2 protein chains.
Amino acid sequence: MTDSADGTRTETLREPTPAAARDIVARGIDREAIVTVYGRCTVDYEGRASSRLEAGARHVMLKPDGAALVHTDEGQQPVNWQPPGCTHDAVCEDGELILESVRSTPDERLRVRFREVLQVSAFSGTDENELALVGTEEDLRQRILEDPSVLEAEFTPLATERETPAGAVDIYGEDAAGRAVVVELKRRRVGPDAVSQLRRYVDALERDLHADAAVRGILVAPSVTDRASRLLTEHGLEFVSLEPPAE
Amino acid sequence: MTDSADGTRTETLREPTPAAARDIVARGIDREAIVTVYGRCTVDYEGRASSRLEAGARHVMLKPDGAALVHTDEGQQPVNWQPPGCTHDAVCEDGELILESVRSTPDERLRVRFREVLQVSAFSGTDENELALVGTEEDLRQRILEDPSVLEAEFTPLATERETPAGAVDIYGEDAAGRAVVVELKRRRVGPDAVSQLRRYVDALERDLHADAAVRGILVAPSVTDRASRLLTEHGLEFVSLEPPAE
DNA sequence: AATTAAATTTCGTAA
DNA sequence: TTACGAAGTTTAATT
């Protein structure tokens with residue numbers, strides 16, 4: 001057990017007995033630590049789908065918010081997991097450590113059985129700061145609202161998140177001729193799905209306004225794929241190349 | 001350092017000096033171990049977007065496939081990360097441990113600077129087994145192909161992944177009357193996006209066949225949202241409620 | 001609790 | 001390498 005000046009505390013055991021491992025895990029969950037276990041284990045999941053993973057060396061993390069992560073040596077994504085909101089539990093059964101994370105709505109259960117525990121740790125610390133991220137779709141929207149002419153000359157934004165029967169439109173406005181314009185924003189290169197999305201909004205707004213004059217639809221993104229480009233043409237929609245600001 | 005009978009090996013230091021931590025990390029990367037570092041750190045990311053995270057206690061994992069994960073005590077997702085394919089590097093700068101993961105195409109860089117390292121570990125093990133998952137869209141497709149009558153009486157599947165100018169159709173077939181049918185499968189409750197997707201395929205196929213008889217479009221999913229249901233009606237598409245098999 | 005769409009989505013497959 | 005769509009997607013916002 002180690003206590004640091006800043007309140008950070010860690011507890012670690014190498015090759016613990018299953019009972020000792022269970023104690024560290026249980027105590028860690030109790031004090032709202034990040035708990036990690038590395039060893040050979042099997043994993044069973046039952047919930048929205050179901051899965052089984054035979055024995056292998058994996059790294060398991062239990063978070064105090066109820067999230068659980070099982071990582072192999074490959075992939076950015078955990079091979080098995082449980083979202084925040086679960087209740088963690090650690091028990092010994094037949095001389096083996098078992099970790100279980102359960103939630104309801106939907107009912108889901110993750111069960112990790114360790115044949116061998118190489119290391120178990122509990123990490124307590126504080127993290128006050130949140131991520132500052134730049135380059136999102138929201139940043140792209142700000143860029144256009146601050147200077148609508150980057151979209152086209154004399155474009156006038158009238159609303160953001162304007163509601164239609166098909167959902168909320170990113171930017172709603174009118175052009176130099178006073179025609180209604182629906183703008184759909186994407187922070188990166190788009191495919192057919194983005195075109196369909198814009199199409200839904202344009203359709204919905206045309207019905208909503210029941211105006212005879214057609215509503216213009218403009219897709220704003222860094223670039224489009226060939227198929228998306230063809231779809232835009234078919235549906236009479238437009239494209240403007242813009243990127244979210246880099247900083 | 002601990003070596004197990006099954007070839008699993010772990011190496012861990014508590015409150016190491018930055019230089020000692022760097023050595024463990026560098027050696028771990030070298031031997032293709034999963035490397036973890038817990039401590040107070042700042043994180044900078046620059047790539048598809050860019051972000052900064054001020055000091056806090058976090059858990060960092062470097063995988064031998066090049067993936068990097070920075071986890072706080074909250075959330076299933078890492079607060080910062082790098083996908084597989086990166087090159088990891090560990091250095092000491094001004095007496096602090098710095099981890100860096102870099103890749104190209106696209107150019108991306110993740111930099112973690114530790115003010116304090118509480119624990120550093122390197123885990124080597126083997127994992128031969130892959131996840132066996134049941135309840136996917138593929139399982140739903142198998143269910144329909146094995147007994148097409150679950151979709152509707154006298155439905156005849158003719159192809160899966162049939163190509164159209166709008167993309168591949170999940171199941172293509174014909175009904176009792178010999179009309180062309182496009183089936184789009186979803187393993188869970190669907191919203192407007194799935195309807196748009198089906199619509200794209202039906203449109204494309206109607207042009208492709210340039211037949212006068214309309215192509216039927218059937219969305220297969222456990223259920224649909226209200227908005228999606230309305231969209232289905234508007235577009236003359238159909239819905240059949242089916243779930244992927246549970247086991 | 002349910003809906004909708006964004007995400008540094010990731011991941012797998014096919015061209 | 002790019003494109004396209006699935007995913008036990010997760011996450012955030014709004015109803």
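Just so we're on the same page: letters track the sequence lines, and every chain starts at 1. In this text the structure is predicted, and so the values were computed from the model without any measurement.
Going from atom CG of B/L140 over to atom C1' of D/dG8 covers 15 Å, rounded to whole Å. Note: CD (A/E108) to C1' (D/dA7) measures 13 Å, nearest angstrom. Distance CG (A/D65) to P (D/dA12): 11 Å, rounded to an integer number of Å. Atom CG of A/L69 is separated from atom C1' of D/dT11 by 15 Å (rounded to the nearest Å). As a whole-Å value, the separation of A/R52 CZ from D/dG8 C1' is 17 Å. Here the P atom of nucleotide D/dG8 and the CG atom of B/L131 are 8 Å apart, to the nearest Å.
Residue-level contact check: B/P106 touches neither bases nor backbone, having no heavy atom under 4.0 Å from any strand. Using a 4.0 Å heavy-atom criterion, one finds that A/G75 contacts the sugar-phosphate atoms exclusively. Within 4.0 Å (heavy atoms only), B/T136 reaches sugar-phosphate atoms of the nucleic acid but no base atom. Using a 4.0 Å heavy-atom distance criterion, A/R103 is classed as making no nucleic acid contact. Within the nucleic acid shown, A/E46 has no heavy atom closer than 4.0 Å to any nucleic acid atom. In this structure, A/A166 reaches the sugar-phosphate backbone alone: every heavy-atom distance under 4.0 Å involves primed, P, OP1 or OP2 atoms, never a base. If you check every strand for non-hydrogen atoms under 4.0 Å, B/A67 touches nothing. Residue-level contact check: B/E163 touches neither bases nor backbone, having no heavy atom under 4.0 Å from any strand. Within 4.0 Å of B/E161, counting heavy atoms only, lies no atom of the nucleic acid at all. No engagement by A/D226 is indicated, since no non-hydrogen atom pair under 4.0 Å with the nucleic acid exists.
B/T136 and B/D139 share a side-chain donor-acceptor pair at under 3.5 Å. Residues B/R113 and B/T42 have side chains that never bring a donor and an acceptor to within less than 3.5 angstrom of each other.
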*Quick one: do B/Y45 and B/E108 satisfy side chain to side chain donor-acceptor pair (under 3.5 Å)? Show the steps, please.*
CA-CA 8 Å; B/Y45 157 74; B/E108 289 194 298; 2.5 Å; yes

Exercise. Please walk me through it: do A/R199 and A/D203 pass salt bridge (Lys or Arg N to Asp or Glu O under 4.0 Å)?
Worked result: CA-CA 6 Å; A/R199 177 76 201 285; A/D203 280 355; 3.3 Å; yes

Item checked: Candidate pair B/V102 and B/E100, rule side chain to side chain contact (heavy atoms under 4.5 Å, CB included), full reasoning -> CA-CA 6 Å; B/V102 179; B/E100 205 165 32; 4.1 Å; yes

- [ ] Run the numbers on A/D44 and A/R52 for salt bridge (Lys or Arg N to Asp or Glu O under 4.0 Å), then give the verdict.
- [x] CA-CA 5 Å; A/D44 286 279; A/R52 167 138 185 107; 2.6 Å; yes

Apply the test side chain to side chain contact (heavy atoms under 4.5 Å, CB included) to residues B/H88 and B/L99: give CA-CA distance (whole Å), side-chain angles for both, the deciding distance (0.1 Å), then the verdict. CA-CA 7 Å; B/H88 304 310; B/L99 304 180; over 6 Å; no

Q: Determine, stepwise, if the pair A/V70 / A/L110 fulfils side chain to side chain contact (heavy atoms under 4.5 Å, CB included).
A: CA-CA 10 Å; A/V70 182; A/L110 181 71; 4.3 Å; yes

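Between D/dT11 and C/dC11, the distance separating the two P atoms is 15 Å to the nearest Å. Spacing between D/dG5 and C/dA7 at atom C1', rounded to whole Å, works out to 16 Å. Spacing of P atoms, D/dC4 relative to D/dG8, comes out at 23 Å, to the nearest Å.
In this pair, A/Y38 and A/H59 present their aromatic rings tilted. The plane angle is within the 30 to 60° band.
Taking side-chain N and O atoms only, B/Q76 has a distance below 4.0 Å to OP1 or OP2 of D/dT10. Here A/R189 does not reach the OP1 or OP2 of D/dT1: none of its side-chain N or O atoms lies under 4.0 Å away. An OP1 or OP2 oxygen of D/dT9 is reached within less than 4.0 angstrom by a side-chain nitrogen or oxygen of B/R187. Proximity of B/Y201 to the phosphate of D/dC4: no side-chain N or O atom is located under 4.0 Å from OP1 or OP2. The phosphate of D/dT2 (OP1 or OP2) has no side-chain N or O of A/T225 nearer than 4.0 angstrom. Residue A/W81 has no polar side-chain atom (N or O) positioned under 4.0 Å from OP1 or OP2 of D/dT9.
Comparing A/D170 and A/T105, the nucleotide of DNA chain C nearest to each residue sits closer to the 5' end for A/T105. Two residues, B/R200 and A/N80, neighbour DNA chain D, and the one matched to the more 5' nucleotide by heavy-atom proximity is B/R200.
Between the side chain of B/Q197 and the base of D/dG5 there is no donor-acceptor pair of N/O atoms closer than 3.5 Å. Below the 3.5 angstrom threshold, one finds no donor paired with an acceptor across the side chain of A/D193 and the base of D/dG5.
For A/R143 and A/D147, the salt-bridge test fails: no basic side-chain N is under 4.0 Å from an acidic carboxylate O. A salt bridge between A/E46 and A/R109 is absent, with no side-chain N of the basic residue lying under 4.0 Å from a carboxylate O of the acidic one. With salt bridges taken as basic N to acidic carboxylate O contacts below 4.0 Å, one links A/E161 and A/R141.
Bracketed by its first and final contacts, the part of DNA chain C lying under 4.0 Å from non-hydrogen atoms of chain A reaches from C/dA5 to C/dC11 in 5' to 3' order.
Residue B/E137 has its side chain nearest to D/dA7 when only D/dT1, D/dG8, D/dA7 are considered.
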With both pairing distances under 3.5 angstrom for Watson-Crick or G-U wobble, and | for a partner in another strand, the correct string for DNA chain C is |||||||.|||||||

